[in-house]
Structure formats: structure tokens, C-alpha cells
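Here's the structure we're looking at; comments come further down.
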2 protein chains.
Amino acid sequence: MKTVSRVINKEPSVRKKTYDVVMEAVNELNYQPNLAARNLAGTSSFTVGLVYDNPNAYYVIDMQNGVLSRCKDEGYELVIHPCSYADDNMEQDIKTMIKRSRLAGLVLTPPLSEQSSITNMLDELNIHYVRVLSGRPTDEDQDTCIYVNDYKAAYEITSHLLSLGHKNIGFICGDKEHKSTSERLEGYKAALADHDTPANSDFIYDGKYSFESGVEGAKTLLANDNKLAISAILGGNDEMAAGALFASRLMGIQIPEQLSITGFENSPFSRQTWPKLTTAHQENDVISQHAARLLFTKTRGARNQDKDIITSFTPSIVVRDSSGPKL
Amino acid sequence: MKTVSRVINKEPSVRKKTYDVVMEAVNELNYQPNLAARNLAGTSSFTVGLVYDNPNAYYVIDMQNGVLSRCKDEGYELVIHPCSYADDNMEQDIKTMIKRSRLAGLVLTPPLSEQSSITNMLDELNIHYVRVLSGRPTDEDQDTCIYVNDYKAAYEITSHLLSLGHKNIGFICGDKEHKSTSERLEGYKAALADHDTPANSDFIYDGKYSFESGVEGAKTLLANDNKLAISAILGGNDEMAAGALFASRLMGIQIPEQLSITGFENSPFSRQTWPKLTTAHQENDVISQHAARLLFTKTRGARNQDKDIITSFTPSIVVRDSSGPKL
DNA sequence: AGTTAAAATGACAACGCTGTCAATCTTCTA
DNA sequence: TAGAAGATTGACAGCGTTGTCATTTTAACT
């Protein structure tokens, strides 16, 4: 029995021949180790959690699927945990989940991954976790974080607009609390600065990553001064860009002839607007797969050395029809 | 110890006083029963599965959250299982999941809930399940199915268009394999028939529930004969309606002045098109909550009599700006 | 071949609960 | 107030694994 356990867990010191015999029987009987028993008996469990507070269904599904695909490979089970940081019980909730399911580790996604109250709690509980974060990679934290370089992506998308001849470029920010907001904003500012076109605070609108705030943002930016000053708007995400598009239509503005609009994230509905949105593509499923792999190296210890884990991703620009040369 | 177990499981024959004492201690110690141990020891486990094969992220998230909220209340854990019926291993996959996690039951969502190969397999394994189905409620199966009356909703949305004066109404179907497609189509036909406006097969396009097929559908329907014959298009879902909207723009058709377009499902992006879509609202989170409750009555047996479970839902029409009177 | 160290396997308890069945306590009746 | 019936509680095994440690087998030496 113990030998079968060794084979299943790929422990060393099992003779090749024994290994083969066991595996043959495993296949023949279609043996599936009982997760509950493994979780109960073992030192570390085979269950990990995915924590998110994100209204973007596409994002969440991508993250889930990425983590899930690795879980399947490694024999782990996934417990999903949507929550709301507006909720006072959030931390207690997470704690409860960890205890109930005896989680081996957690994947934290933005914006929760930015909350030190959560990471502190996890540190106290001595639970492994991996954070998916908007930000530029640092030398430390390489083994705890997966970075999404929104700064660079925003820099590039702004550069794209600049190269099309736009000078007065509006920016619709997401929620202030989100790290991605400041990262994207800084990338935008840096690109402008590098083109000797300093950012104008009148061109920056504080939104909320929602369609509605995109609508408001465009209305505000375009109303603030004469309409023609701004010839391009960079949406902090696709949803707000779609909102800006919507507002522009209401105002009778032609896209992209009179105004270029770009999004961020390349979520499916950036392809379902008219015209389709130029945006920055973020490979969320790949990102979350790497997050899961990184987590597994920690929970399983040295058992699986997974060396080619990428810990930094830069979204790549996808040029579509919502951006065009300044006329 | 056993008494604590009784209290936790709300078993009868525990004295009120004992119950209170135990609960006090439970609260004080913040005791969380270990799920793995419960799953291992008990007759039925505390884990249920949610199986889906649906490209609509909003739908999936709603279903997840609904089931999850009930799971939390009842102390169950949820294992999500996205899969693809195009995949030959699908059934084996589900079987494996059931065995590994020792599932107490499953919630099946369309289109998988329509596959008899799956339900047969589950019957053989003697696993409880609840199916969420597109269809009109029948007297049997009240305890195994949650019906979403797409027929009636399509009837009503078609009636809405008819009452606006439209006579030639196009219909863009979803995948043929989906029950919802035929239900919605029949509702559409029935409404037409009741208004002495027999359905014209030239006005029906076989789509795929995707944005792209909505684009194709509108192009085809509007090109087939002279553009003005059709004054309204009913999209089989919001995505196709958005596609139809997109195509109409490309063709320079004004919505809703020249053409009314309606969707189905009321997914978030039906609010993010321009103009916003008239659609049929489906309360997926509520539906999935009831599905979960129905499942729990089966897995927990008579222990929790949950009598006010609704097993039939009819999406309600939401009139927005994409539909208007025929000019 | 005989010895020793290392590799491989096996025996057994333990993980934290629940089901079964026995023991105890309450309540009610005569 | 004894006795019976029923309500409540408790003792104990067992769920299917893994960790620990003992035992056996193999390999590597004189």
C-alpha cells in the first residue's frame, strides 16, 4: 500500500520495475486516489484556492481556467473564492475557507493581491500564496509574484497613438485603489514625456473601470475644453473604452476619424464593439497557469523543480479599427 | 465528540441546552469542521460539482456564484468543471472528478444538461444531479430539473416587436444542438402564428450563438431579399444581437429607426452596445441558487425540507433602445 | 562468500470526522 | 415511587490515505 502511495506521489526510491507494475494496475483498475483521504492524512493538502474580487467575468474565467488546467495536471483540486474587499468579513471569510478546506496555498489576483492586510494574514497562518500583480518586476519577490507589466503596455499603446500623430491624448483611469490604474497612468505619462508632450491633467479622468465611467469620462474629457483639443482617448480598460465609444456616438463623433479610442486587456467585447477596439492583449490564462505552477513549486517543495516559470508578462498591443491617424 | 458532530450536522435529538453549550464553544474557538475528514468519514460527501460547457463568461460566473452562495450556507464545497462536449474524454473526465472528489452531486448546465449520455452515466454511478434546462416545465422531472422557459420569453419578445408594428421579423438561431435554440425559435414562431403572420423560413438564419455568427446572420438576412422587407431582427442571444448591430452599422442601417434588434439573456454587454439592447432578462444567479438547493435536498435527504424551490423560470423582457416602432 | 551500507519495501498508527450501537438519563404511567 | 419507554449521550471502529520507522532486499565492497 505504501509503495503504491510512493508511486502515485512520484517519490524517489521506487524501483523502476515496481513502478511499472503499480502503474499498470493503476491504469487497469482506473484507480483514483481519494482526495479527501489524501488531504486528511498528508502534511500538505491537495487543494488550492483562487481568490478574486473582479467584476470582469472574462478575466475571472480565464484565471480560473488557467489555474484549473495546472491543477488537473498535478492532481490538485481548486476552490474558487469570489469576494469583495468592501466586505468587512472578507479576511475572516478567507481564513475560514483555508481552514475548512485545509488549503495548501492560494493564488491572489488583483486588486486583492495588493492588500497587505491579506498577505499579512496569510503570512501569519503560514500559508503559501502567489500574487498576480500589476507592476514592474523587482528582484525580490520573484518567487511569490507574477507581474503584469501594465506600465510598459500603457507606454506602448500611448506611443502607438503618438506615432499616429496624436498630441492631445486623454486618459480614463480605473479605480484609484487598483495598482493597475497607477501603472497604466504612469506608462502613459512616461510615453508622453519621452515625446516631449507633457501630460495635461485636464486630459486625465478618474473613472471606475466600468462601462458607465467610460461614458462619463469621455463626456467630461470632451466637454472640458473645445472638443477638438483631444484627438485620442486611452481607456484604462476595454470596458471604459467601450463606454467612451458609446459616449462618442451619442455626441456624434466619428471613430476613428475624429477621435481614436483604445482599450486595455483585449477582453472579448473589445472585438464586439463597432469599430473594434485597439487594445493591449493580456494572456490571462497563461499568466494564471504560471501562477499555479509557481504555487505548486512551493507547496510540493523540492519535489517538482519547475524551472521555466515566467514571472513577468507584458501585454502586447493589438491594433484594430478604433485608432487611426490624426487628421 | 459525537454530540458535537450532531450539533454541527443539525441532527435531531440533541437537547436544546447541550446544543447551546456546544455552539457557544464552537463560536468561541471558531471551530471549523474539517471538510476532508467529513468527506472521508461520512456516507455522503460535502462536495458538489458544477459542470458547464459555455463560452459565455457572464453566464458561467452567474451560475458559479449562485451555486457558491448556497454552498456556503450549507457548508458544501464546490468543484467547478468546465469541459467541452467536443472532447471525447468528457465523460471519463467527469467520472474521474466524481471519484476523486467523491462528489455528492452535480449541477448540470446547458448544453451539457441535455446530453443523455451524461445523465445515463450519472444514473449508473448513482450520483445525484440537477439539470438546468431550457424548456417548458413538465409534470415529471420536477425534482431533477430547473426549467428556463425560453419558449415563453421568445414568444413575448416577438410579441413586443409585433406590437411595435413589425411584420417581417428575422430570427438568428443559436447552435442547433442547443435546446434553447429550438425553444426560442418555437416561441418566435408561435407568436407570429398567433398574430396571423406565419414564419417565413427566409427570415430565419442558423447561427452559432457567437458574435461573428450574429454579424453573418444580419448580413445574410438583410441581403437575401430587399433590405426593407425585414424591419426587425431577433437575436438568439445578446452576443448575436450585438453582432447583428455591428453588421447593421457596417451596412449603414440606423438602429432602431430602420431596423429593430433584440437580444436574449440580458448579459452585461447588452448594456454596452450602442444603442443598448432590448433583451430578455434571465436571472442566472437565482436560477443556479435554486438548482443548488434542489440538489441539496437530494444529497442531504429528508434532513432539510426546502419547500419553496422554484423549478421554472421565465426570462422577462427588458425594453431598451435597440427596438422601436416600425416607421 | 561474507560483510556492510544503501536502496527498496512494508507494518502500523494517525489524520478528524461519522455511523453504529450500547449506555445513560428523563419523563411518564400506574 | 418503581418500571418502562423514549430521549439523549457516549464509546469505538473505520473512512483511504500518508508519515514514521522497522524490515527486507540489493549492491558494493573485501
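What's counted below: heavy atoms across the whole structure, side chains too, no hydrogens, waters or symmetry copies.
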How long is the line joining [atom1] of [X] and [atom2] of [N], in whole Å?
{"X": "A/N39", "N": "C/dC17", "atom1": "CG", "atom2": "P", "answer": "14 Å"}
{"X": "B/K2", "N": "C/dT20", "atom1": "NZ", "atom2": "P", "answer": "9 Å"}
{"X": "B/R100", "N": "D/dT17", "atom1": "CZ", "atom2": "P", "answer": "11 Å"}
{"X": "A/R102", "N": "D/dT18", "atom1": "CZ", "atom2": "P", "answer": "12 Å"}
{"X": "A/E11", "N": "D/dG19", "atom1": "CD", "atom2": "P", "answer": "7 Å"}
{"X": "A/K17", "N": "C/dA7", "atom1": "NZ", "atom2": "C1'", "answer": "15 Å"}
{"X": "B/F46", "N": "C/dT18", "atom1": "CZ", "atom2": "P", "answer": "6 Å"}

Starting at the 5' end of nucleotides 21-28 of chain C, put B wherever the base has a protein heavy atom under 4.0 Å, S where only the sugar-phosphate does, and a dash everywhere else. B-------

Would [X] and [Y] count as having a side-chain donor-acceptor pair, cut-off 3.5 Å?
{"X": "A/Y59", "Y": "A/Q282", "value": "no"}
{"X": "A/E91", "Y": "A/Q115", "value": "no"}
{"X": "B/N39", "Y": "B/T47", "value": "yes"}
{"X": "A/N56", "Y": "A/Y209", "value": "no"}

With ring centroids as reference points, do B/Y58 and A/Y58 lie under 6.0 angstrom apart? yes

Would you please name every residue forming a side-chain contact (heavy atoms from CB on, under 4.5 Å) with B/S134, sequence neighbours left out?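 Partners of B/S134 by the side-chain contact (heavy atoms from CB on, under 4.5 Å) criterion, ordered by chain and then number, come out as B/D150, B/K179, B/S180, B/E183.
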
side-chain contact (heavy atoms from CB on, under 4.5 Å) with B/V4: which residues, sequence neighbours excluded? B/I8, B/V22

Give me the bend of the helix from C/dA1-D/dT30 to C/dA30-D/dT1, using the axes of the five pairs at each end, rounded to 10°. 30°

So which protein N/O to nucleotides 13-16 of chain D N/O distances come out below 3.5 Å?
| unit_1 | atom_1 | unit_2 | atom_2 | d |
| --- | --- | --- | --- | --- |
| D/dC15 | O2 | B/A41 | N | 3.4 |

Main-chain N/O of A/S113 paired to A/R131 side chain as donor or acceptor, under 3.5 Å: yes

Tell me, do A/I80 and A/L78 make a side-chain contact under 4.5 Å, heavy atoms counted? yes

Under 4.0 Å between a side-chain N/O of [X] and OP1 or OP2 of [N], yes or no?
{"X": "A/S5", "N": "D/dT17", "result": "no"}
{"X": "B/T43", "N": "C/dG19", "result": "yes"}
{"X": "B/T3", "N": "D/dT9", "result": "no"}

Qualifying ring pair (Phe, Tyr, Trp, His ring centres under 6.0 Å) pairs, either residue in residues 65-106 of chain A, two or more places apart: A/F46-A/Y76, A/Y76-A/F296

A/D87 to A/N89 - nearest heavy-atom pair and separation: OD1-N, 2.9 Å

